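Some notes on the structure that comes next.
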Amino acid sequence: SFQIGEDFQVQFIPSGHIIGSAYVQVKQGDTTILFTGDMGRPRDLVMREPALIQSTDYLVVESTYGDRLHEKDHPKERIKDIVNKTVHKGGSIIIPAFAVGRAQSLLYYLSLLKNEDAIPNIPIYLDSPMAINATDILCKHQDSHRLSGKECKDLCNVATYIRSVEESKALDTNVMPKIIISASGMATGGRILYHLKAYAPDHKSTILFAGYQAGGTRGDRIVKGEKEIKIHGQMIPVRANVEMISSASAHADYIEILEWLDHFEKPPKKVFVTHGEKTAATSMANKIEKELGWTCSVPHYLQNEDLK
């Protein structure tokens, strides 16, 4: 813990979402407030479980998946099926991925599948400078995750790193089956847009989403079945197969959040449910009130609250 000014004591506590992620606990006198930020999952294969908290006077908790549960299917098995079916048709797999966290998890699953000879020996490309840097960081901080040294090495070596724009463009002119992981995860920008322009019209290929898609984003519209998307001012037909794997998410779903809350030795005075679309946040607040009997609020923008 460390001091901010004379009044506030702050502590970062591992939240298990991505490498380096943390809850923030702020204490003033005898009063504490804990901000969860993004919460990880207790049984994730890469990240360690979120630290358990015994008590806080006030809690600000996320609700990204406050109104739904993750699929029970293992992400590795889903990826195996999708890759094999797509390659059998002669297509490529294009994966929009968050550069920090999701990209590394996908590389881990693919390295396991390659080691098991469970997927064809096609090239895998990581086309995101930020994701490349994050992958290097993951392997430098082994105490922050569950992977062994060998698993980290396999993860780092399973893909060819694409650094230059020229290398990135060349991926779209090569018609051989391949796997491309690129940012951004919701297809709102970044190099993934160029790959979508090249492969979305191809009925043999697959666009695989492995993370949360905020309402109205390009990724959300593709997942919901739009047959044309605008990229760089052009309308691009979507003929590729579209798949979504929610079980690969790094966010806790509502059951996992309730399990985490159940470890509190006493209820907070008040819980503020944030970081979710309105329906998800409201649903999470209702579940906490019903299951645990705690007082909850879904705050609005710039709301003031007096903490006593």
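Quick caveat: nothing in here was measured; it's all calculated off a predicted structure.
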Distance-only side-chain donor-acceptor flag, Ser21 / Ser15, under 3.5 Å: yes
Distance-only side-chain donor-acceptor flag, Lys178 / Tyr199, under 3.5 Å: yes
Any donor-acceptor N or O pair under 3.5 Å, side chains Gln11, Gln9: no
Side-chain donor-acceptor contact under 3.5 Å, Glu62 with Thr64: yes
Thr135 and Gln104: CA distance, side-chain angles, deciding distance, side-chain hydrogen bond (donor to acceptor under 3.5 Å, both in side chains) verdict: CA-CA 6 Å; Thr135 304; Gln104 292 73 46; 3.0 Å; yes
Lys/Arg N to Asp/Glu carboxylate O, Arg191 vs Glu167, below 4.0 Å: no
Tyr254 and Trp260: CA distance, side-chain angles, deciding distance, ring pair (Phe, Tyr, Trp, His ring centres under 6.0 Å) verdict: CA-CA 10 Å; Tyr254 75 77; Trp260 181 79; over 10 Å; no
His74 NE2: over 12 foreign heavy atoms closer than 6.0 Å: yes
Ring centre gap for Phe35 and Phe12 strictly below 6.0 Å: no
Exceeds 12 heavy-atom contacts within 6.0 angstrom, atom CE of Met176: no
Whether over 12 other heavy atoms sit under 6.0 Å from Tyr194 OH: no
Gln28 vs Thr31, side-chain hydrogen bond (donor to acceptor under 3.5 Å, both in side chains): CA-CA, chis, key distance, verdict: CA-CA 5 Å; Gln28 183 189 35; Thr31 302; over 6 Å; no
Backbone of Ala131 reached by a side-chain donor or acceptor of Ser128 within 3.5 Å: yes
Over 12 non-hydrogen atoms of neighbours within 6.0 angstrom of NZ in Lys197: yes
Flag if over 12 foreign heavy atoms under 6.0 Å of NZ, Lys230: no
Parallel, tilted or perpendicular, as decided by the 30° and 60° cut-offs, for the rings of His251 and Tyr65: tilted
